[in-house]
2 protein chains.
Amino acid sequence: MTESTEPITELPDSLTRLHDDPVDAATTLRERAGDTDVAEQVGCLFAALSNPQRLQLLWALRDGECCVCELQTALDAPQSTVASHLRCLTDAGLVSTRKDGKWSYYRPADPAVFELVDDALAIADVEATE
Amino acid sequence: MTESTEPITELPDSLTRLHDDPVDAATTLRERAGDTDVAEQVGCLFAALSNPQRLQLLWALRDGECCVCELQTALDAPQSTVASHLRCLTDAGLVSTRKDGKWSYYRPADPAVFELVDDALAIADVEATE
DNA sequence: CAGTCATATTGTATACTTTCGATATGGTCG
DNA sequence: CGACCATATCGAAAGTATACAATATGACTG
């Protein structure tokens with residue numbers, strides 16, 4: 001019950017012209033829009049996936065774990081850049097780490113993320129760049 | 001064939017210590033990481049979904065089209081804020097518009113986006129806020 | 001055709017993100 | 001323990017996104 005108690009601000013005039021019972025309509029609409037906190041959490045996940053280099057990191061990890069220097073090679077990007085993207089993915093819970101001596105190996109935390117990315121690929125209607 | 005021709009920059013030293021044939025390893029890694037342009041397109045889609053208010057707009061539209069003043073009510077946000085989020089969703093191809101006199105009605109362009117969002121909800125492991 | 005209405009656009013202040021060199025950390029090896 | 005290595009973190013500059021008041025647009029109404 002984090003949501004939908006009372007109208008916080010004034011309802012738009014236009015709404016009162018569109019609905020007989022605007023207060024009731026507002027309640028329904030706000031219920032449909034769902035909880036702000038949930039939206040924020042989901043938004044964070046999508047934000048982690050909204051960067052092309054981070055997507056490429058995930059793709060690189062799809063077939064098995066890699067250490068940072070391999071990912072650095074995969075993206076052809078500076079070490080610190082790769083490290084911060086990996087931090088971001090870790091914070092979002094999308095990858096996990098294993099240390100082996102001075103090497104750090106990364107892998108996808110939950111393979112389900114690839115379904116998400118594949119669906120996105122389909123929706124984005126990407127033409128195979130061949 | 002937009003990708004993977006030659007190593008552009010120097011390979012990291014560490015890679016040469018990890019692989020017998022670092023150039024070959026680099027090629028494989030870059031193939032796995034996939035195409036930059038594709039990553040960018042998918043990234044744009046995720047970016048459109050990375051904002052909590054835009055997610056709430058989509059949720060509000062899930063059960064049927066709404067006009068702007070209804071969405072404004074659903075989010076309890078100023079008109080111009082809602083309008084720019086709607087623009088963003090439209091640009092990303094996620095919603096489409098129909099005009100009826102001075103009212104504009106918005107609806108999801110492709111219901112597949114809700115699968116995406118639902119999967120994200122599952123991955124984000126959101127606790128039902130009750 | 002003047003007024004009003006719903007929505008779109010613009011302008012801008014502010015906040016967040018990204019990039020990457022420099023530097024810190026913590027491991028390994030001689 | 002001293003040099004070196006792989007990675008992480010910091011910090012500043014540049015870029016991008018967000019919010020929202022003000023204003024423009026284009027439609028309906030008298």
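Model, not experiment: these values are computed from the prediction. Convention: sequence-line order gives letters A, B, ...; per-chain numbering from 1.
- If you take CG of A:D91 and P of C:dC16, they are 16 Å apart, rounded to a whole angstrom.
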Item to complete: List the steps, then state whether side-chain contact (heavy atoms from CB on, under 4.5 Å) holds for A:R54 with A:L49.
Response: CA-CA 7 Å; A:R54 285 196 292 270; A:L49 294 169; over 6 Å; no
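- Each of A:D13 and A:R54 was matched to the nucleotide of DNA chain C holding its nearest heavy atom; the match closer to the 5' end belongs to A:D13.
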Distance-only donor-acceptor hits, side chain of residues 89-97 of chain A, under 3.5 Å, sequence neighbours excluded:
unit_1, atom_1, unit_2, atom_2, d
A:T90, OG1, A:L86, O, 2.6
A:D91, OD1, A:R87, NH1, 2.9
A:D91, OD2, A:R87, NH1, 3.2

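- B:Y105 comes within 4.0 angstrom of no nucleic acid atom, judged by non-hydrogen atoms across all strands.
- B:L57 places its CG atom 13 Å from the P atom of C:dT7, with the value rounded to the nearest Å.
- The residue among A:S50 and B:R87 whose nearest nucleotide of DNA chain C lies closer to the 5′ end is B:R87.
- Residues of residues 59-73 of chain B having a heavy atom closer than 4.0 Å to DNA chain D: none are found.
- Legend: residues meeting side-chain hydrogen bond (donor to acceptor under 3.5 Å, both in side chains) with A:E65, ordered by chain and number and at least two apart, are A:R98.
- Applying the ring pair (Phe, Tyr, Trp, His ring centres under 6.0 Å) rule to pairs touching residues 71-119 of chain B yields nothing, sequence neighbours excluded.
- Each of A:A83 and B:R17 was matched to the nucleotide of DNA chain D holding its nearest heavy atom; the match closer to the 5' end belongs to B:R17.
- Within the structure, ring pair (Phe, Tyr, Trp, His ring centres under 6.0 Å) contacts touching residues 26-45 of chain B (residues at least two apart or in different chains) do not occur.
- A search for ring pair (Phe, Tyr, Trp, His ring centres under 6.0 Å) contacts involving A:F46 returns B:F46, not counting sequence neighbours.
- B:S80 is linked by a side-chain contact (heavy atoms from CB on, under 4.5 Å) to nothing, counting only residues two or more places apart in sequence or in another chain.
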Practice prompt. Summarise protein proximity over nucleotides 19-30 of chain C in one line of letters, 5' to 3': B for base, S for sugar-phosphate only, - for none, counting protein heavy atoms closer than 4.0 Å.
Written response: BBBB----SS--
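- For A:R107, the side-chain hydrogen bond (donor to acceptor under 3.5 Å, both in side chains) test picks out no residue, with sequence neighbours left out.
- Counting to the nearest Å, the P atom of C:dT9 and the CG atom of B:L86 are 11 Å from each other.
- Following rounding to the nearest Å, B:L75 (CG) and C:dT7 (P) show an atom-to-atom distance of 14 Å.
- In this structure, B:L71 CG and A:L29 CG are separated by 7.5 Å, a value rounded to the nearest 0.5 Å.
- Evaluation of the ring pair (Phe, Tyr, Trp, His ring centres under 6.0 Å) test over residues 18-43 of chain A, restricted to residues two or more places apart or in two chains, returns none.
- Heavy-atom contacts of chain A under 4.0 Å fall on DNA chain D between two terminal nucleotides, which in 5' to 3' order are D:dC5 to D:dT9.
- For A:R17, there are no side-chain hydrogen bond (donor to acceptor under 3.5 Å, both in side chains) partners at least two apart in sequence or on another chain.
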